[in-house]
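What follows is a set of notes on a single structure, which appears directly below.
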Amino acid sequence: KKLGIHCNLFVQNFQKTLKMSNQDKNKVADGAVETYDNPVQEGQTDKIEFDLKVDEDQDYRATELKICSFKRPHMRAFHYSWWSFFIAFFVWFSIAPLLPAVGRSLKLDKQQIWTTNIVAVAGDIFMRFVFGAITDKYGARVPMGAVLMAASIPVALTGTVTSLLGLAFLRLFIGVAGSSFVMCQCWSTRMFAKELVGTTNALVGGWGNVGGGVTQIVMGTMLFPLFKHFFDGNEDKAWRTVCVVPAIVAFATGVLVIRTSEDCPQGNYKDLQKSGQMPQVSAAASFRGGALDLNTWLLYIQYGCCFGVELTMNNAAASHFVDNFGLTIPSAAAIASIFGFMNIFARGLGGFCSDKLNAKLGMRGRILVQMILLLLEGICIFMFAETESLWSAILLLTIFSIFVQAAEGSTYGIVPYVNPGASGAVSGIVGAGGPSGAVAFGFGFRQLTSNKKHPYYLMASLVIFSAFLSFLILIKGHRGLICGKDNESTQTTFLTVPVPDEEAQKTLDKDKSDKVDSEAEPGPET
């Protein structure tokens with residue numbers, strides 16, 4: 001069937017070519033006229049064979065989602081996005097449930113443990129800024145795989161740590177895994193249309209975040225006790241060897257992602273740029289486009305007050321239940337995993353609500369969802385800090401985590417609209433707000449030791465403050481909560497190709513012109 005389709009297309013286009021003038025032929029040679037409606041790259045199909053319905057006006061982004069499909073390019077990218085971020089999250093916090101044992105082995109106090117927690121997320125901040133612009137230029141596939149393979153190395157070396165300084169540096173380098181979130185969101189944005197982008201971004205981000213809960217269960221409740229049994233109860237040897245397991249999985253995933261997926265519906269950025277179907281993009285120009293927009297920084301703060309809270313709780317939850325309720329590490333880790341497991345549906349729920357209210361109220365609906373979720377999150381943090389009952393604490397942890405992750409999903413329902421031409425840069429900057437918030441909250445937990453409730457009070461107050469920043473969000477061409485006006489012409493520019501690097505484009509045009517001239521010259525007579 002495929003062979004027949006391609007043969008028919010070949011015959012039709014060959015007939016068209018015979019009727020074209022010499023000038024038109026030169027245009028074909030120059031790449032100005034496409035032979036197929038949708039360019040075909042090696043290992044890629046044309047638009048007729050897409051498994052999903054696509055919108056040609058949005059660069060063949062999918063307008064539907066088939067969760068059970070793994071076909072290239074759209075659904076393969078969807079599943080690789082969340083799975084890669086899941087593994088990255090898993091290795092990023094693989095040592096978190098083991099910290100009580102690590103602290104005993106290295107003779108560390110609570111302040112020193114929190115210092116390493118802060119360092120673990122601080123290393124992620126800079127990398128998120130960097131990878132946003134890099135993804136606009138090179139696509140999400142290769143950076144995603146490279147980050148996973150790079151992060152697997154320090155994870156495998158966890159057992160070599162002998163001091164606080166060594167643990168801090170180790171967690172700093174492992175923190176690069178967190179930057180995979182930027183590629184996760186950009187990849188989904190590049191594959192799915194505006195009607196779905198809030199839901200798909202929330203799903204891939206949420207399912208990836210589940211890695212934070214799974215690592216509590218797998219590392220703290222399953223593998224650590226198992227390795228401890230193998231070493232006859234020696235917990236020092238157990239935590240020093242158990243991290244080899246996630247390191248191997250992360251490296252293998254990185255290789256798989258790079259070799260078996262595409263950057264966008266038409267193929268890979270490298271091939272598209274080489275053929276002239278996609279302009280060369282300046283990473284610096286992309287970053288400037290995102291950084292000079294006030295909305296980017298408002299969302300940066302709000303994301304710090306939802307994803308930053310989640311990162312903080314990933315580090316603090318198990319220790320909270322050990323210290324306040326006298327639970328063992330395996331039991332506390334199992335309870336702490338609830339926070340991460342809510343990502344299975346909670347973040348997607350936030351994106352879904354954002355999409356639904358966008359259909360009714362436009363951008364104002366997305367911003368309204370964002371504000372409400374942040375307000376509810378802040379109230380729940382206050383309540384969690386006040387509870388002294390174990391079962392009440394577990395219940396409130398569950399409810400509180402739902403609002404945290406739903407707010408994360410609603411944030412990235414807004415992000416793609418801020419600057420469509422620099423969506424990667426905006427995604428990276430906003431994403432950096434998460435670990436930035438975690439660092440700020442981490443210092444609160446480190447310094448406010450006189451009363452265990454005070455760090456939670458600080459965190460809750462900042463979250464509620466961030467909710468009211470929603471009144472200041474005003475995206476060009478869209479109505480805000482209190483002012484602005486929807487502009488239909490702006491809707492059509494959603495998620496456009498980033499602004500080309502002028503110098504690189506001139507070089508590419510010159511190369512193509514030289515190629516045409518050389519082909520026009522008659523060859524030597526035989």
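Sequential numbering from 1 along the given sequence is applied to the chain's residues.
Of the possible polar contacts, one joining the His79 side chain to the Ile67 backbone as a donor-acceptor pair under 3.5 Å is found. With hydrogens and angles disregarded, a donor-acceptor distance shorter than 3.5 Å links the side chain of Asp136 to the backbone of Ala425. At distances below 3.5 Å, not a single donor-acceptor pair connects side-chain atoms of Ser331 with backbone N or O atoms of Thr328. Side chain of Thr387 to main chain of Phe384: no donor-acceptor pair is present (N/O by atom type, distance under 3.5 Å, no hydrogens or angles). The backbone N or O of Ile344 sits less than 3.5 Å from a side-chain atom of Trp207, completing a donor-acceptor pair. No donor-acceptor pair closer than 3.5 Å links the side chain of Asn295 to the backbone N or O of Ile473. Proximity of a side-chain donor or acceptor of Gln112 to a complementary backbone N or O of Asp109 within less than 3.5 Å is detected. Although no hydrogens or angles enter the test, the distance criterion places a donor-acceptor pair under 3.5 Å between the side chain of Thr241 and the main chain of Ala238. Between the side chain of Thr116 and the backbone N or O of Ala168, no donor-acceptor pair lies under 3.5 Å. A donor-acceptor pair is defined here as one N or O able to donate and one able to accept, closer than 3.5 Å; such a pair exists between the side chain of Ser261 and the backbone of Val257.
Interatomic distance, Ile174 CD1 to Ser94 OG, rounded to the nearest 0.5 Å: 5.5 Å. Of the inter-residue distances, the one linking Thr199 atom OG1 with Arg347 atom CZ reads 12.5 Å to the nearest 0.5 angstrom. For the atom pair CD1 of Ile399 and CD1 of Ile394, the computed distance is 12.5 Å after rounding to the nearest 0.5 Å. Put simply, CE on Met459 and CE on Met313 are 6.0 Å apart, with the number rounded to the nearest 0.5 Å. Between Cys186 atom SG and Ile134 atom CD1 the span is 11.5 Å, to the nearest 0.5 Å. Rounding to the nearest 0.5 Å places CD of Gln185 at 8.5 Å from OG of Ser81.
The aromatic rings of Trp83 and Phe86 lie parallel to each other, their planes meeting at an angle below 30°, with 60° marking the opposite boundary. Ring geometry, Phe307 versus Trp92: the interplanar angle falls from 30° to 60°, so the pair is classed tilted. The aromatic rings of Phe339 and Phe400 stand perpendicular to each other, their planes meeting at an angle above 60°, with 30° marking the opposite boundary. Classification of the Tyr457-Phe382 ring pair by plane angle, with boundaries at 30° and 60°, yields tilted.
Nearest heavy-atom pair, Leu170 versus Pro154, reported as atom, atom and distance to 0.1 Å: CD1-O, 3.1 Å. Closest approach of Asp236 to Ser105, counting heavy atoms only: OD1-OG, 3.0 Å. Heavy atoms only, all atoms of each residue included: Val309 and Val463 are closest at CG2-CG2, 3.9 Å. Heavy atoms only, all atoms of each residue included: Gly350 and Leu373 are closest at CA-CD1, 4.5 Å. The heavy-atom pair separating Pro455 from Gly444 by the smallest distance is CG-O, 3.8 Å. Across all their heavy atoms, Cys305 and Ser466 have their closest contact at CB-OG, 3.4 Å.
Side chains of Thr253 and Tyr80: no donor on one and acceptor on the other come within 3.5 Å. Side-chain contact check for Asn117 and Arg171: at least one donor-acceptor pair (N or O, by modelled atom type) lies under 3.5 Å. A side-chain donor from one of Thr200 and Ser188 sits under 3.5 Å from a side-chain acceptor of the other. Side-chain N/O atoms of Gln405 and Asn209 include no donor and acceptor closer than 3.5 Å. No side-chain donor-acceptor contact under 3.5 Å links Lys228 and Asn234. Under 3.5 Å, the side chains of Arg128 and Ser179 contain no donor-acceptor pair of N or O atoms. No donor-acceptor contact under 3.5 angstrom links the side chains of Gln302 and Thr411, judged on distance only. Looking only at atom types and distance, the side chain of Glu388 has no donor-acceptor partner in the side chain of Asn324 under 3.5 Å away. For Thr296 and Asn419, the side-chain atoms include no donor-acceptor pair closer than 3.5 Å.
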Apply side chain to side chain contact (heavy atoms under 4.5 Å, CB included) to Ile95 and Leu167, showing your working. CA-CA 10 Å; Ile95 199 173; Leu167 181 62; 3.8 Å; yes

Give the C-alpha distance, both sets of side-chain angles, the deciding distance and a yes or no for side chain to side chain donor-acceptor pair (under 3.5 Å) between Thr158 and Arg240. CA-CA 6 Å; Thr158 298; Arg240 289 183 182 279; over 6 Å; no

For salt bridge (Lys or Arg N to Asp or Glu O under 4.0 Å), just list the numbers for Asp323 and Lys452, CA-CA rounded to whole Å, side-chain angles, deciding distance to a tenth of an Å, and then say yes or no. CA-CA 10 Å; Asp323 295 340; Lys452 295 179 180 178; 5.7 Å; no

Chi angles and distances behind the ring pair (Phe, Tyr, Trp, His ring centres under 6.0 Å) call for Trp297, Tyr300: CA-CA 5 Å; Trp297 297 102; Tyr300 170 92; 5.3 Å; yes

So Asn201 and Phe192, side chain to side chain contact (heavy atoms under 4.5 Å, CB included) or not? Walk me through it. CA-CA 9 Å; Asn201 277 0; Phe192 293 93; over 6 Å; no

Could you check Phe441 against Leu462 for side chain to side chain contact (heavy atoms under 4.5 Å, CB included), going step by step and ending with a plain yes or no? CA-CA 10 Å; Phe441 299 141; Leu462 290 174; 3.6 Å; yes

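When ring centroids are compared, His320 and Tyr456 come within the 6.0 Å threshold. Taking the six-membered ring for Trp and the full ring otherwise, the centers of Phe352 and Phe345 sit at least 6.0 Å from each other. Between Phe181 and Phe89, the ring center distance fails the sub-6.0 Å criterion. Ring centers of Tyr412 and Tyr303: under 6.0 Å apart, within the cut-off.
Considering only heavy atoms from C-beta on, Leu65 comes within 4.5 Å of Met75 through its side chain. In this structure the side chain of Tyr269 reaches within 4.5 angstrom of the side chain of Arg190, judged on heavy atoms. The closest side-chain heavy-atom distance from Ser84 to Leu148 is below 4.5 Å. The shortest distance between side-chain heavy atoms of Ser152 and Val91 does not fall below 4.5 Å. Between Ile414 and Ser410, every side-chain heavy-atom pair lies at or beyond the 4.5 Å cut-off. By the 4.5 Å heavy-atom criterion applied to side chains, Val245 and Met219 are not counted as neighbours.
Here Arg366 pairs with Asp355 in a salt bridge; the nearest charged N to carboxylate O distance falls below 4.0 Å. The pair Arg76-Glu262 does not meet the salt-bridge criterion, since no charged nitrogen lies less than 4.0 angstrom from a carboxylate oxygen. A salt bridge does not link Asp293 to Lys476: none of the charged nitrogens lies less than 4.0 Å from a carboxylate oxygen.
The local environment of CZ in Phe231 is crowded, with over 12 non-hydrogen atoms from other residues, nucleotides or ligands closer than 6.0 Å.
For the side chain to side chain contact (heavy atoms under 4.5 Å, CB included) test, residues two or more places apart in sequence or in another chain that qualify with Ile153 are Leu157.
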